[in-house]
Trainee: 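Questions regarding the structure given below will be posed in turn.
In listed order, ligands and their atoms are each counted from 1. Residue numbers start at 1 and run along the sequence shown.
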Amino acid sequence: MIRRLAVLGAGAKAVAVAAKAAMLREMGVATPEIVAVERTAVAANWRAGGGWTDGQHRLGTSPEKDVGFPYRSMILPGRNGELDQRMMRLSWQSYLVGTGRFAEWVDRGKPAPTHETWANYLRWVADTVGLNVVDGEVIRMSLDGRSWVLHTGGGAIEADAVMITGPGQPGRSVLPGHPQVLSIAQFWELSASKERIDAERVAVIGGGETAASMLNELFGHRVSTITVISPQATLFTRGESFFENRMFSDPTEWVGLTPAERRDVMARTDRGVFSARVQDSLLADDRIRHLRGRVAHGIAADGRIRITLQTDRHGERLETVHGFDLVIDGSGADSLWFLPLLAQDALDLLEIRLNGPLTSDRLQQAIGDDLALSGVSPKLFLPNLSGLNQGPGFPNLSCLGLLSDRILGARPGAQLTQTNRRNVEYQSI
Ligand SMILES: Cc1cc2nc3c(=O)[nH]c(=O)nc-3n(C[C@H](O)[C@H](O)[C@H](O)COP(=O)(O)OP(=O)(O)OC[C@H]3O[C@@H](n4cnc5c(N)ncnc54)[C@H](O)[C@@H]3O)c2cc1C
């Protein structure tokens, strides 16, 4: 068994794994010690100041998709029902009952909580289970024999497995330092300061939940048009029927799909798409437009920001230039954000085990059943990259209860798993 699991970031995933580990411990089952290394505070990314939100916008998924969801544990044959019962004590509804707000939430029609309220829930769970949080920003990850070493400004934490979490750093910008270009973090800082944005033509780069929250906020400012720039052909509405949602809560059938089918489902339900709620409330506003393309670069000229977009048409790469008064770069979320933290010994290990440079495709295809890189020891869990191989719900909040089962059920060995065997077969066809 893994003895100590260090989690980079005390967010939703760290809290979910710590919660399941605490319940297992209560039942007398040996579990790894969980240590979260956090640069700010538990659930910081869900609050103002974390750089991703002002805390006042609402959760996109249902809050009932909480740390135990879908309450179908598979880690302890014969005792899973008991484990789920114990996890129910840490549910969203138990939190509302515990804080005297359950009846009001039901009477109001079970509204989606704000990000801030969701952060309070995660903190309540973390406090209840006594999540061990080490304060510090991880600036480097290296190896020491069979252990990982997480280096922070104030010291180092050793562990025999590491899980990377979080969407990355919200400070990215296509033109850093220019006052007419804002990163996600700068945008939320400005909104929190109650300063009114006053601009004719505004561009938001990127789609998905991050952009949705920013659009929601932008409508309250003085802007004439908002252009959403994304590589997709149009602004798609997320598929949210029972069948689509089920793929997120129950990935059993996922592994039976071909990689092309999986990518298709993810494109319809996850990447750069807006929920039906967002489409109804926001996209009906005629100030909003969509521009298809990938941002190649941006320059400042004649008081405007000129963005060069690339699109592929019939195999040919076209470039077009568009001018804006304000550009908000919402493309900060990056599942490979941790790669620059890896020391040379760690990079060497991963490149040898994965047979080549660490590209997104290669990493995704190497993720095993336990959400770690197959063949790599000590274990490196990468749930944010496990959507393609293991199920689209693992990178987000859709099945945190299953995620914790997979992580805590992992063994230190580094064999080729079922899923990876299947992928190797796909590649060789
Ligand atoms: C605005 C917004 C809204 C979203 N809404 C939804 C939604 O409704 N439903 C959904 O399923 N998903 C949503 N997501 C996606 C969401 O990011 C994931 O679902 C989920 O939060 C990821 O949990 P996590 O534990 O991986 O990361 P987080 O909860 O983001 O936690 C990461 C933690 O890592 C810390 N950290 C970062 N870098 C370091 C470092 N170097 N050293 C130490 N600590 C570090 C951060 O401070 C943070 O506390 C949303 C994302 C955003 C940005």
Side-chain angles (χ1 to χ4, degrees), residues 6-18 35-67 69 112-116 118-119 121-123 126 131 133-141 150-154 157 162-171 184-185 187-188 206 208-217 238 245 248-249 269-271 274-275 277-278 330-335 337-338 340-341 371 381-387 392-400 403-404 407:
V7 185
L8 200 167
K13 294 191 183 86
V15 173
V17 171
V35 182
V37 188
E38 170 58 52
R39 67 170 170 205
T40 316
V42 174
N45 281 359
W46 297 93
R47 289 177 181 271
W52 291 96
T53 173
D54 63 353
Q56 300 311 308
H57 292 279
R58 292 189 183 271
L59 200 64
T61 42
S62 158
E64 283 136 313
K65 295 198 171 188
D66 55 24
V67 297
F69 189 82
T114 62
H115 292 157
E116 170 95 26
W118 185 246
Y121 160 65
L122 292 176
R123 284 189 180 179
L131 171 62
V133 181
V134 172
D135 295 332
E137 172 160 4
V138 177
I139 47 175
R140 201 160 65 90
M141 288 174 59
L150 300 186
H151 304 264
T152 66
I157 295 100
V162 165
M163 172 165 74
I164 308 284
T165 70
Q169 313 309 332
I184 300 171
F187 173 77
W188 287 119
E209 287 297 333
T210 314
S213 292
M214 294 198 296
L215 289 174
N216 203 355
E217 172 66 26
R238 177 185 298 154
N245 287 343
F248 282 72
S249 314
T269 55
D270 199 20
R271 298 278 150 78
F274 289 107
S275 65
R277 182 168 63 89
V278 169
S331 63
D334 175 12
S335 50
W337 73 269
F338 63 96
L341 301 183
L371 314 186
F381 295 101
L382 299 177
N384 290 347
L385 284 159
S386 61
F394 288 115
N396 43 67
L397 305 177
S398 301
C399 58
L400 290 171
L403 173 132
S404 55
I407 307 277

Trainee: Show me which atoms of ligand 1 lie under 4.0 Å from any heavy atom of A44.
Mentor: 47 (O), 49 (O)
Trainee: With heavy-atom distances below 4.0 Å as the criterion, list the atoms of ligand 1 near H115.
Mentor: 1 (C), 3 (C)
Trainee: Show the nearest heavy-atom pair for residues E38 and A44, with the distance to one decimal.
Mentor: OE2-CB, 4.1 Å
Trainee: Quick one: which ligand 1 atoms are inside 4.0 Å of a heavy atom on Q169?
Mentor: 38 (N)
Trainee: Heavy-atom contacts with L59 under 4.0 Å: which atoms of ligand 1 show up? List them by number with element.
Mentor: 8 (O)
Trainee: Considering all heavy atoms of both residues, which atom of R58 and which atom of H115 are nearest to each other, and what is their separation?
Mentor: O-NE2, 3.4 Å
Trainee: State the atoms of ligand 1, each with its element, that fall below the 4.0 Å cut-off from a heavy-atom position in V37.
Mentor: 43 (C), 44 (N)
Trainee: Return the residue, atom name and 0.1 Å-rounded distance of the protein heavy atom closest to atom 1 (C) of ligand 1.
Mentor: W52 O, 3.4 Å
Trainee: Who are the side-chain hydrogen bond (donor to acceptor under 3.5 Å, both in side chains) partners of R123, not counting sequence neighbours?
Mentor: none
Trainee: Just going by heavy-atom distances, which of D135, L400, L397 is nearest to atom 11 (O) of ligand 1?
Mentor: L397
Trainee: Just jot down the ligand 1 atoms closer than 4.0 angstrom to any heavy atom of P167, in number order.
Mentor: 30 (O)
Trainee: Please could you name the atoms of ligand 1 that G11 approaches to less than 4.0 Å, counting only its heavy atoms?
Mentor: 25 (O), 28 (P), 29 (O), 31 (O)
Trainee: For atom 30 (O) of ligand 1, what's the nearest protein heavy atom and its distance?
Mentor: N45 ND2, 2.8 Å
Trainee: Out of all atoms in ligand 1, which are within 4.0 Å of some heavy atom of G60? Include the element for each.
Mentor: 7 (C), 8 (O)
Trainee: Do E116 and T114 have side-chain atoms, one donor and one acceptor, less than 3.5 Å apart?
Mentor: no
Trainee: If you round to the nearest 0.5 Å, how far is CD of Q169 from CD1 of I184?
Mentor: 11.0 Å
Trainee: Which atom pair, heavy atoms only, marks the closest approach of L131 to V15?
Mentor: CD2-CG2, 4.2 Å
Trainee: Could you measure the distance from the CZ atom of R47 to the OG1 atom of T40? Nearest 0.5 Å is fine.
Mentor: 11.5 Å
Trainee: Run the ring-ring contact (aromatic ring centres under 6.0 Å, His included) test against W52 and tell me which residues pass, sequence neighbours left out.
Mentor: none
Trainee: Among all protein heavy atoms, pick the one closest to atom 41 (N) of ligand 1 and tell me residue, atom and distance.
Mentor: V138 O, 3.1 Å
Trainee: Say whether K13 and N384, considering side chains only, have a donor N or O and an acceptor N or O under 3.5 Å apart.
Mentor: yes
Trainee: Closest by any non-hydrogen atom to atom 21 (O) of ligand 1: pick that one out of W46, F338, W118.
Mentor: W46
Trainee: Which residue owns the protein heavy atom closest to atom 36 (N) of ligand 1, what's the atom, and how far is it?
Mentor: R39 NE, 4.0 Å
Trainee: So is A16 close enough to ligand 1, meaning a heavy atom under 4.0 angstrom away?
Mentor: no
